[in-house]
Amino acid sequence: MSELKVLNSYTRQKEVFTPITPGHVGMYVCGPTVSGESHLGHARPYITFDVVYRYLTHLGYKVRYVRNITDAGHFEEEGREAEDKIAKKAVLEKLEPMELVQKYTNLFHWAMLQFNNVEPSIEPTATGHIVEQIEMIKKIIEDGYAYEVNGSVYFDVKKYAEHYPYGKLSGRVMDEQLETTRELEGQDEKRNKQDFALWKAAPPQHIMRWVSPWGEGFPGWHIECSAMSTKYLGTEFDIHGGGMDLQFPHHESEIAQSTICNKHVPARYWMHNNMITVNGKKMGKSYNNQIKLTEMFAGTHPLLEQAYSPMTIRFSILQTHYRSTLDFSNEALKAAEKGLKRLWEGYEHLKKLEYRTQNTGDSIEETTGSDKELDEKVNRLLSEMDDFMNDDLNTAKVLANLYEVLPVINSMRDKLIAITAISGTTFARLQQYFKAYIEDILGLKGETANEDGKLNGVLELLIDIRRDARGRKDFATSDKIRNQLQQLGILLKDEKDGRVSYSFD
RNA sequence: GGUCCUGUGGCCGAGCGGCUAGGCAGAGCUCUGCAAAAGCUCCUACACCAGUUCAAAUCUGGUCGGGACCUCCA
């Protein structure tokens, strides 16, 4: 089998993944700022890295997955006024800052659950790690790479760049930075424009504030991730993930901070997912084109022609490679919805199929399968899925192969192909791979509502009545039952073997 | 302005030098009381121009689109 390779943003190379400690992986992913509701764009990294986590686990690694919650309110400059996002919103919504943080954290967790994302091993909050952040800042000052001005502390990027490759991750050069960084208000405290804040003195009206050696204030934009990743994963860990838009300045700054404190670039492999776009434009704050996840699930946003389920969204994200942009459209989502339904139903059929040999004496392992060619094809398609995942997590190709096997499964179920066309071993492998990939790795799940015993009982009764009607060739009655159920979103299907199955929209 | 990415069939999207990805939509057929589902078959594209090569969607140069980052951002 091939070995796992990932595109490392730090080196711009596809590299074989080798963890620092054999058998163990430390992974840090930048989590949400809980000053507002998550939108579709936010779904991408958490689903992408959920698959990374699931796949590493599938490969047998013990993974510690750390994803932070940013609840300390990053310093933000909107127009001319410097404000704290969380504090500002709290005033508007008449909520305590922590009340607001709790509300959006809960909502975020709910959305993650809808997407069937595995919970991280540790989900540290910025407010819970003020001490660690202060300690780290102190260390950077001691080393001479940060300076204090009026109760604020700034990282000395210029000095750092003289000794370390600042800009390596994001591919920019210091000289250019000097030229292109535009004028901003409140920059006068900094020695150089590209310096960034480690600690900001809190103005009197600022609600979120903590005591520090430099006076009351709050942590800077990037220090929380450095502090928390170091605390839970060590001074050097395996994977650091996040959206491409975080590459600069966020991750670049993280690297600088951690390099001074820990004498290491924090992570060996940096992975960045690409953006979700709307009409070709990035979905984001600046463009005012976000569709909130609650709106996606409910279909309430003006851009939406209908509601899209969490699995539909997950599936459509996985149909695109994580490093490509994914353009939002109703057409694409509808296609994903239908495609997923077909795949899932095929998978359900596969689970119910049983391998039986003609002469019961043969053990399944010994049967060879009557169609050698088909047997080989199925095996090839399955094996390729491992190679695709190992090639920088190409979930799109994995799905393509699942679809190529699907007609074989459906034909077996409809008895167009005998199950014994493939060997018992191959059949077992087929079931095992579908389960592993669909559920364990891609993290898809069934969404069929109403798995309620009573409803099923009622349906069985209706099917029974309809069967009698059909027996009498009373098609008016039989069609009435089927048509009216269809209007309720319940679809009856007359199967080839005389059974009647049903599915919910 | 600087740095980088990108342009694929009706739509979405893989692809990274030879071998028609896949999904959705559309057409035909099979099965069926009729549907639906499923199966089979068809629809063979790579912005444009020039080059490298036996061979290019894939490499190089240019032209024209689109986008990201440089500022909070997933």
Side-chain angles (χ1 to χ4, degrees), chain A residues 12 14 29-33 35 38-49 74-78 83 85 167 170-173 175-177 179-182 184 194 221 241-250 252 272-277 279-287 290 315-316 319-321 323-343 345-346 349 384 388 394-404 406-411 413-417 470 473-475 478-479 482-483 486 491-496 501-503:
Chain A
R12 283 133 208 271
K14 217 177 255 184
V29 174
C30 289
T33 302
S35 60
S38 298
H39 62 76
L40 181 61
H42 294 107
R44 175 100 107 140
Y46 306 129
I47 289 172
T48 298
F49 290 101
H74 276 172
F75 185 74
E76 191 186 42
E77 272 150 335
E78 275 177 24
E83 298 175 87
K85 272 195 240 178
S170 52
R172 52 199 84 220
V173 186
D175 300 348
E176 286 162 9
Q177 291 298 298
E179 314 270 327
T180 58
T181 306
R182 56 168 208 192
L184 288 171
Q194 61 272 55
W221 308 354
M244 269 182 183
D245 49 356
L246 294 182
Q247 235 174 51
F248 190 88
H250 185 59
E252 200 71 70
H272 292 97
N273 63 275
N274 215 131
M275 302 292 106
I276 288 181
T277 58
N279 296 322
K281 285 260 187 292
K282 174 184 164 183
M283 185 178 287
K285 218 168 286 176
S286 325
Y287 300 103
Q290 305 115 302
F315 182 82
S316 91
Q319 262 191 318
T320 311
H321 187 92
R323 279 189 288 104
S324 301
T325 52
L326 190 165
D327 197 48
F328 160 87
S329 73
N330 282 288
E331 291 67 30
L333 251 10
K334 282 182 200 164
E337 184 179 56
K338 285 188 184 166
L340 173 60
K341 187 164 189 266
R342 189 161 78 89
L343 180 66
E345 285 180 358
H349 296 146
E384 278 177 354
F388 295 155
N394 200 327
T395 53
K397 281 192 129 186
V398 168
L399 284 169
N401 272 30
L402 288 170
Y403 277 106
E404 284 207 66
L406 200 56
V408 178
I409 294 168
N410 285 330
S411 296
R413 174 216 178 222
D414 287 342
K415 304 201 167 50
L416 299 168
I417 296 176
R470 290 182 73 205
K473 299 226 185 289
D474 177 7
F475 295 124
S478 89
D479 287 351
R482 190 177 60 197
N483 294 340
Q486 193 172 355
L491 199 67
L492 295 189
K493 299 175 204 169
D494 296 316
E495 302 290 352
K496 287 199 169 55
S501 67
Y502 52 88
S503 66

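Lettering of chains follows the sequences in order, A, B, ..., and the numbering in each one begins at 1.
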TODO: State plainly whether the residues A/R413 and A/E495 are in salt-bridge range, i.e. N to O under 4.0 Å.
DONE: yes
Task: Comparing A/L406 and A/N401 on RNA chain B - which has the more 5′ nearest nucleotide - done: A/N401
Open item on the list: Can you tell me if A/N410 touches the phosphate of B/rG39, counting only side-chain N or O atoms and a distance under 4.0 Å to OP1 or OP2?
Closed with: yes
Open item on the list: Any base atoms under 4.0 Å from A/Y287, or only sugar-phosphate, or nothing? Heavy atoms, all strands.
Closed with: sugar-phosphate
Task: Check: B/rC5 base within 3.5 Å donor-acceptor of A/N274 side chain - done: no
TODO: Measure from the side-chain heavy atoms of A/D479 and tell me the nearest of B/rG33, B/rA38, B/rG22.
DONE: B/rG33
Open item on the list: Using the side-chain heavy atoms of A/D245, tell me which of these nucleotides is nearest: B/rG39, B/rC70, B/rC73.
Closed with: B/rC73
Open item on the list: Quick check against the 3.5 Å criterion: does A/Y287 have a side-chain atom that pairs as donor or acceptor with the backbone of A/T277?
Closed with: no
Open item on the list: Please give me the minimum heavy-atom distance between A/G167 and A/E252, naming the atom from each residue.
Closed with: N-OE2, 3.0 Å
Open item on the list: Going by purine N1 to pyrimidine N3 plus the second Watson-Crick contact, or the G-U wobble pair, all under 3.5 Å, which nucleotide sits opposite B/rG1?
Closed with: B/rC70
TODO: Remember a base hit wins even if backbone is also touched, and classify A/K493 as base, sugar-phosphate or nothing at under 4.0 Å, heavy atoms.
DONE: base
Task: Heavy-atom donor-acceptor pair, A/R470 side-chain to B/rG33 base, under 3.5 Å - done: yes
TODO: Counting heavy atoms from C-beta on, name the nucleotide in B/rA38, B/rA74, B/rC70 closest to the side chain of A/D414.
DONE: B/rA38
Task: Lys/Arg-Asp/Glu bridge criterion (N-O < 4.0 Å) met for A/E345, A/K341 - done: yes
Open item on the list: Measuring only the P atom in each nucleotide, how far is B/rC24 from B/rA36? A whole number of Å is fine.
Closed with: 16 Å
Task: Closest listed nucleotide, where the reference is the side chain of A/L416 and the choices are B/rG22, B/rA74, B/rG39 - done: B/rG39
Task: Distance between P atoms of B/rA27 and B/rC43 (Å, rounded) - done: 16 Å
TODO: Indicate yes or no for a side-chain donor-acceptor contact from A/Q247 to the backbone of A/S170 under 3.5 Å, with no hydrogens or angles considered.
DONE: no
Open item on the list: If I pick the C1' atom on B/rG39 and the same atom on B/rA74, what distance separates them, to the nearest angstrom?
Closed with: 42 Å
Open item on the list: Counting only side-chain heavy atoms from C-beta out, which of B/rA37, B/rA68, B/rA74 sits nearest to A/K281?
Closed with: B/rA68
Task: Separation between CG of A/L326 and CE of A/M275, rounded to the nearest 0.5 Å - done: 11.0 Å
Task: For B/rC64, the Watson-Crick or wobble counterpart (both distances under 3.5 Å) - done: B/rG7
TODO: Spell out yes or no: do the side chain of A/R482 and the base of B/rA35 have one donor N/O and one acceptor N/O closer than 3.5 Å?
DONE: yes
- [ ] Consider the side chain of A/P249, meaning its heavy atoms from C-beta on, and name the nucleotide among B/rC70, B/rA74, B/rG39 that approaches it most closely.
- [x] B/rC70
Open item on the list: Considering every strand and a 4.0 Å limit on heavy-atom distances, what is the contact class for A/H39: base, sugar-phosphate, or nothing?
Closed with: base
- [ ] State whether the aromatic ring of A/Y403 stacks on the base of B/rG23, taking stacking to mean ring centres under 5.5 Å apart and ring planes under 30° to each other.
- [x] no
Task: B/rU52 to B/rG9 separation - C1' atoms, rounded to the nearest Å - done: 28 Å
TODO: Scan every strand shown for a Watson-Crick or G-U wobble partner of B/rA35, both distances under 3.5 Å, and answer none if you come up empty.
DONE: none
Open item on the list: Partner lookup for B/rG22, please. Criteria are Watson-Crick or G-U wobble with both distances under 3.5 angstrom; report none if nothing qualifies.
Closed with: B/rC12
- [ ] Between A/S411 and A/I276, name the one whose nearest nucleotide on RNA chain B is closer to the 5' end.
- [x] A/S411
- [ ] Decide yes or no on side chain to side chain contact (heavy atoms under 4.5 Å, CB included) for A/N394 and A/H321, but give the supporting numbers first.
- [x] CA-CA 6 Å; A/N394 200 327; A/H321 187 92; 4.0 Å; yes
TODO: Do nucleotides 12-19 of chain B as a string where each nucleotide becomes B, S or -: B if the base has a protein heavy atom under 4.0 Å, S if just the sugar-phosphate does, - if no protein is that close.
DONE: SSSS----
TODO: Starting at CG of A/L340, measure out to CG of A/L399 and round the result to the nearest 0.5 Å.
DONE: 9.0 Å
- [ ] Rounded to whole angstrom, note down the P distance from B/rG13 over to B/rC4.
- [x] 25 Å
- [ ] Rounded to the nearest 0.5 Å, what's the gap from CD1 on A/I276 to OG on A/S316? Could you check?
- [x] 7.0 Å
- [ ] Ignoring backbone atoms, test whether A/K282 places a side-chain nitrogen or oxygen under 4.0 Å from the OP1 or OP2 oxygen of B/rC69.
- [x] yes
TODO: Ignoring backbone atoms, test whether A/R342 places a side-chain nitrogen or oxygen under 4.0 Å from the OP1 or OP2 oxygen of B/rC24.
DONE: yes
